[in-house]
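To start, the structure itself, in structure tokens.
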Protein chains: 2
Amino acid sequence: MVLEMLFDWEQRVAHMGMRDRMVSIKDVAALAGVSDRTVSRVVNGEGLIRPKTKKKVQKAIETLGYVPNQAARLMRTSRSNVLGLITDVVSTTPFSTDIVRGIQDALDGTSYTLLTVNTSADPAKEQRAWQVFREHGIGGVFYVTMFHRHVPRDTEFPSTPTVLVNCSDPEQAIPSIVPDDYQGGLDAVRHLVERGHRKIAYVVLNELLLAADLRGRAFFDALATAGIEVRKEWVVPGRVGAIFADKLVAFENARRILNNPDRPTAIVCGNDEIALQVYCAATDLGLRVPDDVSIIGFDDFQVITTGIQPPLTTMALPYRDMGALAVRMLLDIIAGHPQKKKHVEYRCELVLRNSVSSPRLPGARSANST
Amino acid sequence: MVLEMLFDWEQRVAHMGMRDRMVSIKDVAALAGVSDRTVSRVVNGEGLIRPKTKKKVQKAIETLGYVPNQAARLMRTSRSNVLGLITDVVSTTPFSTDIVRGIQDALDGTSYTLLTVNTSADPAKEQRAWQVFREHGIGGVFYVTMFHRHVPRDTEFPSTPTVLVNCSDPEQAIPSIVPDDYQGGLDAVRHLVERGHRKIAYVVLNELLLAADLRGRAFFDALATAGIEVRKEWVVPGRVGAIFADKLVAFENARRILNNPDRPTAIVCGNDEIALQVYCAATDLGLRVPDDVSIIGFDDFQVITTGIQPPLTTMALPYRDMGALAVRMLLDIIAGHPQKKKHVEYRCELVLRNSVSSPRLPGARSANST
DNA sequence: TTGAAAGCGCTAACAT
DNA sequence: ATGTTAGCGCTTTCAA
């Protein structure tokens, strides 16, 4: 039976390279004994239909298994039910996929579907993507980047409603949604300070990233506000190198800082990947988390944060919500509703787990037995 | 300037809910002084065109910025340049996203784009997805699952060319591509045996997963072949509970096994997440990897495998290649080429890193200083 | 090598 | 409350 189905494809495909003629609105009309226009009205829920007629038509639709032809509809109305999604994923870093999921989920109740293109951060591919979108008469585009960043100043966005997610243009003329990395960084450090830490180190994200800049400034500002002096030797890089080809060096650097009687009681990590390495560095030295060192991450990348023991306290990036908001914004724009805010910075929320505690009282020595 | 662009959208959208009339083949024809049919020939590279005519047309296309209207083309030909992608992602597990990337990358040189739908493993949504695909006249679909599994026996696949990726139907009537978890499991254990291990534990994947079954059988078979007796108390669950709501228990279980003078010298982990917990368990006990325990993972989930110290030796799931193969198969089917193989099991390759060494000589005591 | 005519399935605009 | 007509942009078919 299923085998026949397969055979079917091969037949159809071999013979003519096309599927059976679709059952059209006319077929439905004929069966229901009404005009095609009436069927169209029913399909699009236009009202001004006698309930009885409606029933008849719906039954005909049912028995014929009619589905509307979006291509025809688009041709007539120039209103597509497809939105474009551009991502710039590269390599195996699975970050920010939750943005896409947030978008997909939010689109779920609507009539919209997503045409997705991945540019691998290649400008040529990106241009091609926009062309594909034009070819398909797409009505709006989500432009999603893997890392929080500015879009290059000379990027030309076609005149299709577009929402930037996880990135923004320097002029902030294109609607955009980004995480508030600065606030997140501030709150992360504050959390440590509130728990009594004053000897705080910082293992920095790749400094080429905008997030690194934002979170880094937050670190310095938060310490300044708390009246804590920054120990320069305790601010070390966690990743170095070109952005899609960088190298994790958090382990070595954290190990060096920690391997010293005068060591920090808490470490702020540029993100959860770095936090993982800092963990490894701590345990490599026989130090316990959080008893000997508190560690706080950033991103809430759950494979890491809920996978390690003890689970990692971290600053969550509001990816799903950003995706949901992007959908609301884009649909609003398409519907012609003016936007109050063109650029929104979405709040990061602290996720409390078990990698942060109060620092041990000065003088007490680390216990390192099971 | 960019602001004007925005204003533009709002104008257009508010006034009529549609974009400017597309520049059509006729406009090009008029400018080039030829018939529309001729333009069509050029656009589709049909040959039988005088080079001079071709030039003229191409120039007109250029100056007008013409892009073909896929909707119109589809209507006429019933051959869509869009393929469907169904995924069943749920929760925050980022597994198997590389399959999707493999597909996207392989599609890159072609004229095809992807319409993606995420079902969240909800049958109603899945059915809706197929309808959406029909509405868009989609020519083929990739059905990608997050976990290697069988598709439920009663799943009805519409008569659209479909390739199952990371799953298969029990009858293997639908073309499908899955990883060879059994071979992978076998090779993983063999690697340990070759390094001299005979005291080998196994922290099992959620036993509801097909991969767990396959990898599990491989574990027992490999030990049997090597003439090693299985220690039942060293085979423990790493995850328990319903599939999309399971709980990691690898840490506790690994810790219990390891916290014993008579402990395994190597641990096979159901996947890399579990391996991460086993690491934590080992270091929690002051044990060193790989000196005191060797650990081998499964999946090559790089955030983990290259993030922890020492980096994790693991059995890689050939996700990208599976995606690429899926593209080849689907395009072949659409083109009417018969398939030699309907069901392929893709080989897993061992990735050597630093979490496996030979077991310490019996009698030598563990050193646990820095 | 090129062109003319027809029609894919749908809905806007206008009847009735 | 329902029907008629026309045409969106393209390619197929046939003719020149």
Side-chain angles (χ1 to χ4, degrees), chain A residues 15-58 60-61 64-82 111 134-137 139, chain B residues 15-57 60-61 64-82 111 134-137:
Chain A
H15 283 351
M16 27 211 277
M18 56 158 65
R19 86 182 47 68
D20 315 314
R21 193 180 66 75
M22 295 187 71
V23 354
S24 83
I25 214 169
K26 277 192 182 144
D27 303 316
V28 177
L31 181 59
V34 297
S35 81
D36 49 358
R37 188 59 247 268
T38 302
V39 176
S40 171
R41 283 200 181 90
V42 172
V43 171
N44 296 314
E46 284 181 35
L48 297 193
I49 303 262
R50 257 191 322 173
K52 215 162 99 184
T53 323
K54 194 167 166 183
K55 287 263 156 60
K56 262 195 313 193
V57 172
Q58 283 170 330
I61 287 177
L64 256 33
Y66 165 83
V67 291
N69 180 329
Q70 296 285 353
R73 179 178 285 173
L74 169 57
M75 239 174 95
R76 197 63 258 258
T77 63
S78 301
R79 258 179 284 105
S80 171
N81 276 323
V82 180
S111 60
R134 277 228 290 156
E135 291 183 354
H136 287 277
Chain B
H15 282 353
M16 27 209 277
M18 56 156 67
R19 86 181 49 68
D20 313 315
R21 193 178 67 76
M22 294 187 71
V23 353
S24 83
I25 215 170
K26 277 194 182 144
D27 303 317
V28 177
L31 181 60
V34 298
S35 81
D36 48 358
R37 184 61 246 266
T38 301
V39 176
S40 173
R41 283 202 181 88
V42 172
V43 171
N44 296 315
E46 283 180 37
L48 298 192
I49 303 263
R50 262 192 316 176
K52 216 162 98 185
T53 323
K54 194 167 165 181
K55 286 264 158 57
K56 259 194 315 194
V57 172
I61 287 176
L64 257 32
Y66 165 82
V67 291
N69 180 331
Q70 295 286 355
R73 180 177 286 174
L74 169 57
M75 236 172 97
R76 199 64 254 258
T77 63
S78 301
R79 256 178 286 105
S80 171
N81 275 323
V82 179
S111 60
R134 278 228 290 155
E135 292 183 356
H136 288 276

For a quick test of your reading: what N or O donor-acceptor pairs under 3.5 Å do the side chains of residues 22-32 of chain A make, sequence neighbours left out?
| unit_1 | atom_1 | unit_2 | atom_2 | d |
| --- | --- | --- | --- | --- |
| S24(A) | OG | K26(A) | N | 3.0 |
| D27(A) | OD2 | R21(A) | NH2 | 3.4 |
| D27(A) | OD2 | S24(A) | N | 2.7 |

Using every non-hydrogen atom in the two residues, find where K56(A) and V34(A) come nearest and quote the distance to one decimal. NZ-CG1, 4.3 Å
Could you give the distance from CD (Q70(A)) to OG (S80(B)), rounded to the nearest 0.5 Å? 12.0 Å
Non-neighbouring partners of K55(A) that pass side chain to side chain contact (heavy atoms under 4.5 Å, CB included), sequence neighbours left out: none
Each nucleotide in nucleotides 11-16 of chain D should get exactly one letter: B, S or -. Can you fill that in based on protein heavy atoms under 4.0 Å? BBB---
Does H136(B) reach the side chain of V82(A), with side-chain heavy atoms less than 4.5 Å apart? yes
So, taking the atom named OH in Y66(B) and the one named CZ in R134(A), what distance separates them when rounded to the nearest 0.5 Å? 10.5 Å
If you pin N69(A) and T38(B) to their nearest nucleotides in DNA chain C, which one's is more 5'? T38(B)
Output side-chain donor-acceptor pairs under 3.5 Å for residues 37-45 of chain A, partner residues at least two apart or in another chain, one line each.
| unit_1 | atom_1 | unit_2 | atom_2 | d |
| --- | --- | --- | --- | --- |
| R37(A) | NH2 | E46(A) | OE1 | 3.1 |
| R37(A) | NH2 | E46(A) | OE2 | 3.1 |
| T38(A) | OG1 | S35(A) | OG | 3.3 |
| N44(A) | OD1 | R73(A) | NH2 | 3.0 |
| N44(A) | ND2 | S40(A) | O | 3.2 |

Least distance between heavy atoms, M75(B) atom then N69(A) atom: CG-ND2, 4.5 Å
Which angle, to the nearest 10 degrees, lies between the helix axes at the two ends of the helix from dT1(C)-dA16(D) to dT16(C)-dA1(D), each defined by five pairs? 30°
Protein-nucleotide distance (M75(A), atom CE; dG7(D), atom P), rounded to Å: 13 Å
Touch check for I49(B), heavy atoms < 4.0 angstrom, all strands: base, sugar-phosphate only, or nothing? sugar-phosphate
Contact boundaries of DNA chain C with chain B (under 4.0 Å, heavy atoms), 5' to 3'? dT1(C) to dG9(C)
